[in-house]
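Structure first, commentary second.
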Amino acid sequence: MDKNFAARRRRDLIIAAVLAGLAALAPLFVKDVYVQNILILTLMYAALSQSWNILSGYCGQISLGHALYFGIGAYTTELLFTKFGVLPWFGMFAGGVIAAVIAMGLGYPFFRLRGHYFVIATIVIAEIGLLLFQNWEWAGAAMGITIPIRGDSWLKFQFLRTKLPYFYFALALCCLAWFVTWWLEDSKWGFWWRAVKDNPEAAESLGVVVFNSKMGAAAVSAFLVAIGGAFYAQFLAYIDPESVMGFQFSLLMALPAVLGGIGTLWGPVLGAAILIPMTELTRSYIGGSGRGVDLIVYGTLIVLISLALPQGLVSLFSRSKAKGATR
């Protein structure tokens, strides 16, 4: 391994550990419930965007249908809990496995598509999933599912009096998604994904099994996104198809990575740390999503960043390092 690359990976791991430790201390200073809610959503979307980035950023398969896996994680967990009494912890894992299997099943035909055809296919299949759940009576159809609350319990992952358990779970999920990405980045799969993204034909000529590498990326990405969907369902204590499978979820998984730097380790985290608080604050103070002011604000931000920094905000740090090296 190149010494500079190895040193960068160690540095990234140390920085991540320090940031996670500082984040864990945040509830000691942040007592406002509204701010805590923003922190939870920021961590959740950082994890979701990091998971989306595995398939779309590293492997180059741009998906705008990840809301399907998010919804599958949510519905699997809550259907198992409300219909059969299965604890959410087992439901989360089951939802992740089901989402991964579905992702590989969809990948079999979809990964034969290229460019915008693949993107359109992911949007269409997610919308089909939304329509199916809206008409599936056993799963509550358009009325959704109300999760029965039986008091604060880690066992059933339900809390009424405090948001702190949700905060720490979101932090753990964010750390897990980041660490999985960090680990995969230097694995055989990570090198395969980057090769496939750059030039699939050249990668295949060098022995990379292109189709299998895409399937692996899809499975890992879908599994982690489904865990996020299960968490979101427990956090809300109510779900319906639009609240967990709407197209806006696919966008909010992609936008932080695009803003921060697609295909990079820190891009999704940086993008979520800026985009999600801004989205929540604009929604609260300048009109809400009903008027679309928040969409205009962060849409404008994305356009400006794309024009000024096509490689995302993380490119600012690489530029500063390059300038320091030349001095």
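Atoms considered below: every heavy atom in the structure, side chains included; atoms not considered: hydrogens, waters and symmetry mates.
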Member of Phe169, Tyr238, Phe157, Phe70 meeting the ring pair (Phe, Tyr, Trp, His ring centres under 6.0 Å) criterion with Tyr232: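 By the ring pair (Phe, Tyr, Trp, His ring centres under 6.0 Å) criterion, Tyr232 pairs with just one of Phe169, Tyr238, Phe157, Phe70: Phe70.
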
How long is the span from the [atom1] atom in [X] to the [atom2] atom in [Y], to the nearest 0.5 Å?
| X | Y | atom1 | atom2 | answer |
| --- | --- | --- | --- | --- |
| Thr77 | Ile227 | OG1 | CD1 | 7.0 Å |
| Ile40 | Phe231 | CD1 | CZ | 6.0 Å |
| Gln234 | Ile149 | CD | CD1 | 7.5 Å |
| Leu171 | Leu39 | CG | CG | 10.5 Å |
| Leu270 | Thr264 | CG | OG1 | 8.5 Å |

Using modelled atom types only, decide if a donor and an acceptor are shared between the side chain of [X] and the backbone of [Y] within a distance under 3.5 Å.
| X | Y | result |
| --- | --- | --- |
| Lys83 | Trp138 | yes |
| Ser243 | Ile239 | no |
| Thr42 | Ala273 | no |
| Thr181 | Leu265 | no |

Output a table of donor-acceptor pairs, distance under 3.5 Å, between side-chain atoms of residues 104-114 and any protein atom two or more places apart or on a different chain; print 'none' if there are none.
{"unit_1": "Arg112", "atom_1": "NH1", "unit_2": "Tyr108", "atom_2": "O", "d": "2.1"}
{"unit_1": "Arg114", "atom_1": "NH1", "unit_2": "Glu201", "atom_2": "OE2", "d": "3.3"}
{"unit_1": "Arg114", "atom_1": "NH2", "unit_2": "Glu201", "atom_2": "OE2", "d": "3.4"}

Donor on one side chain, acceptor on other, Asn212 and Trp192, under 3.5 Å: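 Checked: Asn212/Trp192 side chains show no N/O donor-acceptor pair below 3.5 Å.
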
No-hydrogen, no-angle side-chain donor-acceptor test under 3.5 Å, Glu280 and Tyr34: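 Their side chains do not contain a donor-acceptor pair, so the 3.5 Å distance test is not met.
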
With Phe179 via ring-ring contact (aromatic ring centres under 6.0 Å, His included) - residues at least two apart: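 If we apply the ring-ring contact (aromatic ring centres under 6.0 Å, His included) test to Phe179, skipping adjacent residues, the hits are Trp182.
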
OH/Tyr168: more than 12 non-hydrogen atoms of other groups inside 6.0 Å: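 Counting neighbours around OH of Tyr168, more than 12 heavy atoms of other residues, nucleotides or ligands fall under 6.0 Å, so yes.
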
Please examine the side chains of [Y] and [X], heavy atoms only from C-beta on, and report whether any two atoms are closer than 4.5 Å.
| X | Y | result |
| --- | --- | --- |
| Leu41 | Met44 | yes |
| Trp193 | Val208 | no |
| Trp178 | Asp12 | yes |
| Pro148 | Phe81 | yes |
| Leu19 | Trp266 | yes |
| Gln36 | Phe167 | no |

ILVMFWY cluster membership beyond Met143 - transitive side-chain contacts under 4.5 angstrom: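 Answer for Met143: none, a lone residue.
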
Residues that, via side-chain heavy atoms closer than 4.5 angstrom, fall in one hydrophobic cluster with Leu25: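 Via sub-4.5 Å side-chain contacts, Leu25 links to Leu28, Phe29.
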
salt_bridge(Arg194, Asp198) N-O dist < 4.0 Å: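 Salt bridge absent between Arg194 and Asp198.
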
Using a 3.5 Å cut-off and no angle test, enumerate the donor-acceptor pairs between side-chain atoms of residues 123-131 and protein atoms at least two apart in sequence or in another chain.
none

Pairing residues for Gln158 by the side-chain hydrogen bond (donor to acceptor under 3.5 Å, both in side chains) criterion, not counting sequence neighbours: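 side-chain hydrogen bond (donor to acceptor under 3.5 Å, both in side chains) check on Gln158 returns nothing, list empty.
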
Aromatic ring pairing Tyr166/Phe235, orientation class (parallel under 30°, perpendicular over 60°, tilted between):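 Tyr166 vs Phe235 ring planes: perpendicular.
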
